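This one's a predicted model, so the numbers in the text were calculated from it and none came from an experiment.
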Protein chains: 2
Amino acid sequence: MNVIAETIKKGRKFDQVIEGARAIFMRDGFEGANVDDIAKAAGVSKATLYSYFPDKRVLFAEVARQECERQSQSTISVVDTATDPREAISHIAWAMVEFVTSDFGINVFRICVAESARFPELGCQFYDSGPKLVRERVGEYLSCAVAQGHFEIDDVELAAEQLMELTKTYIFPRILCGIQLKFSMEEKKRIVDGAVDMFMARYAAKA
Amino acid sequence: MNVIAETIKKGRKFDQVIEGARAIFMRDGFEGANVDDIAKAAGVSKATLYSYFPDKRVLFAEVARQECERQSQSTISVVDTATDPREAISHIAWAMVEFVTSDFGINVFRICVAESARFPELGCQFYDSGPKLVRERVGEYLSCAVAQGHFEIDDVELAAEQLMELTKTYIFPRILCGIQLKFSMEEKKRIVDGAVDMFMARYAAKA
DNA sequence: CCGAAACTGAACTGCCCGGTTTATACTGGG
DNA sequence: CCCAGTATAAACCGGGCAGTTCAGTTTCGG
């Protein structure tokens, strides 16, 4: 048995607590979530839960932190500078759209927005490990591509941010308002192609 | 005295209640708002408040409805088809940016996002009287301008939605995460100009 | 100036929920 | 087999808050 990993954070049920908390927080948000429900979902007593975390906020912060970390690793896959620039932009756009429309993306974002007023550090944490990080990666790729003469871009940071924003077209407002949560392949393709066309029209090197 | 208008909704203090409710809901959100505070802010007793509205949710829905209605009128000013197309697009972009960065825009949006899970009809209401309406107006303008040969657009609806989304670049993620709530004129100009440049590069008639 | 309707304020009910306590039981190493 | 650390269930506390009630006051049309 993996004695080391299981025991460092003294207490066998630490992971269960996190797991249960994630499930309930994702479903109900911070205010909406009920500690009794979390304990039940985790298959753990409330007393045990409170032996690990001093209060609900800290528990939530820990769940959010873990989630953001996980996300930042999975979402930003490497963009190969060698490939066709249009191809590369399309690849980035697809990754963005898939993330934005994922259950996880929707929920984390909703919670961050809802709670950032009463919970400022959370918003920053999410921004840094989400949008900001992605923007930096995209910016890196664009800088390389510009150096290679594929694009003509004055303000790389702006261009990166525009590309990211374009991929939310149509989708984002609908998700945030709860109008539509699932999008078909055709819908996504329309948005991705639209974003790529627009980006290339603006920034592709003319030569 | 304006007997008609004041009396239809039997009760002298109806407007006061709405006014107080708006103030508190804007400040604290739905869950965060406290009915006692609303009554106090409205200068009205709780009993009076409850004589107008059966419960907190209905009160909130009414406030939100009024706000959206008001917004839709003020934000979408008429776009003169006669003006230079670039000028017109710039005008639309500015209106969007100003709305998105306004206290009111920020709050309404935050509340809608936060509450749309437990309050589905609110999200729809907001979407219909906000994003959807604006998109339709922008679409109308674009259709006219296309007919006049100013633009070349296949999918007008997509183009309208892209323009709206582009105006949120940089600003929106920061607001929603609570990183930054106020934006200088220079920052706004950068976004607006970036959006206009991009839109024109993609859709302006080549002739 | 009368009387009905509107309004008041303050106390009260009932519920929910975060967090604590307690008394008991399980588990695993020495 | 023992004991110390860990887990549990359930009762409990206290505060906050939506919504109600009621006895008394204000407002205003007729």
Side-chain angles (χ1 to χ4, degrees), chain A residues 1-25 27-64 111 114-115 117-119 122, chain B residues 1-25 27-64 111 114-115 117-119 122:
Chain A
M1 296 164 201
N2 188 344
V3 185
I4 309 150
E6 307 298 308
T7 323
I8 11 173
K9 298 217 174 186
K10 59 171 184 203
R12 320 189 281 278
K13 314 230 166 163
F14 186 89
D15 292 350
Q16 284 182 43
V17 173
I18 294 280
E19 194 55 42
R22 172 162 55 226
I24 302 300
F25 280 137
R27 198 187 63 193
D28 298 341
F30 178 74
E31 295 290 354
N34 169 316
V35 179
D36 291 276
D37 287 354
I38 292 177
K40 192 179 297 176
V44 141
S45 78
K46 241 205 312 185
T48 302
L49 186 156
Y50 275 103
S51 79
Y52 290 126
F53 297 95
D55 62 35
K56 191 187 178 189
R57 289 173 63 99
V58 173
L59 172 58
F60 182 66
E62 175 60 19
V63 170
I111 292 177
E115 246 65 57
R118 232 178 303 286
F119 222 138
L122 175 67
Chain B
M1 297 164 202
N2 187 344
V3 185
I4 310 151
E6 307 298 308
T7 323
I8 12 174
K9 299 216 170 184
K10 58 172 181 193
R12 322 187 281 275
K13 314 227 166 165
F14 186 89
D15 292 350
Q16 284 183 43
V17 173
I18 294 280
E19 194 56 39
R22 171 162 56 225
I24 301 300
F25 280 137
R27 198 188 63 194
D28 297 342
F30 177 74
E31 296 289 354
N34 169 316
V35 178
D36 290 276
D37 287 355
I38 292 177
K40 192 180 294 176
V44 139
S45 78
K46 235 195 331 177
T48 302
L49 187 157
Y50 275 103
S51 79
Y52 290 127
F53 297 96
D55 63 34
K56 192 187 178 189
R57 289 170 64 98
V58 173
L59 172 58
F60 182 67
E62 176 60 18
V63 169
I111 293 177
E115 245 66 56
R118 229 177 305 285
F119 220 144
L122 175 67

Q: For A:Phe30 and for B:Thr48, find the nucleotide of DNA chain C with the closest heavy atom, then tell me which residue's nucleotide is more 5'.
A: B:Thr48
Q | Separation of D:dC17 P from B:Asp55 CG (nearest whole Å) | A | 17 Å
For nucleotides 11-17 of chain C, print each protein N/O atom paired with a nucleotide N/O atom at under 3.5 Å, atom names and distance only.
unit_1: C:dC17; atom_1: OP2; unit_2: A:Asn34; atom_2: ND2; d: 3.2

Q: Could you check how far OH of A:Tyr50 sits from C1' of D:dA10, rounded to whole Å?
A: 16 Å
Q: Please state how far atom CZ in A:Phe53 lies from atom P in D:dA7, giving the value in whole angstrom units.
A: 12 Å
Q. What residues, two or more places apart in sequence or in another chain, satisfy side chain to side chain contact (heavy atoms under 4.5 Å, CB included) together with B:Ala42?
A. B:Val44
Q.
Tell me every residue that passes side chain to side chain contact (heavy atoms under 4.5 Å, CB included) with B:Arg27, counting only those two or more places apart in sequence or in another chain.
A. B:Ile24, B:Asp37
Q) Of all residues at least two apart in sequence or in a different chain, which pass the ring-ring contact (aromatic ring centres under 6.0 Å, His included) check with A:Phe60? A) A:Phe25, A:Phe30, A:Phe119
Q | d(CZ, B:Phe25; P, D:dC17) in whole Å | A | 13 Å
**Q.** B:Leu49 CG - C:dA6 P separation (whole Å)
**A.** 16 Å
Q. For D:dA7, does either OP1 or OP2 sit under 4.0 Å from a side-chain N or O belonging to A:Tyr52?
A. yes
Q: Starting from C1' on C:dT27, measure out to NZ on A:Lys13 and report it in whole angstrom.
A: 11 Å
(Q) At less than 4.0 Å, is any side-chain N or O atom of B:Ser45 found next to OP1 or OP2 of C:dC7? Yes or no. (A) no
Q) Any side-chain heavy atom of B:Tyr52 sitting closer than 4.5 Å to one from B:Val58? A) no
Q) Residues in side chain to side chain donor-acceptor pair (under 3.5 Å) with A:Gln16, at least two apart? A) none
Q. To the nearest Å, how far apart are A:Phe14 CZ and D:dA7 C1'?
A. 16 Å
(Q) How many whole angstroms separate atom CG of A:Leu59 from atom C1' of C:dG18? (A) 12 Å
Q | Inter- and intrachain pairs under side chain to side chain donor-acceptor pair (under 3.5 Å), touching residues 38-48 of chain B, at least two apart | A | B:Ser45-B:Thr48
Q: Report yes if the side chains of A:Tyr50 and A:Leu59 come closer than 4.5 Å at any heavy-atom pair, otherwise no.
A: no
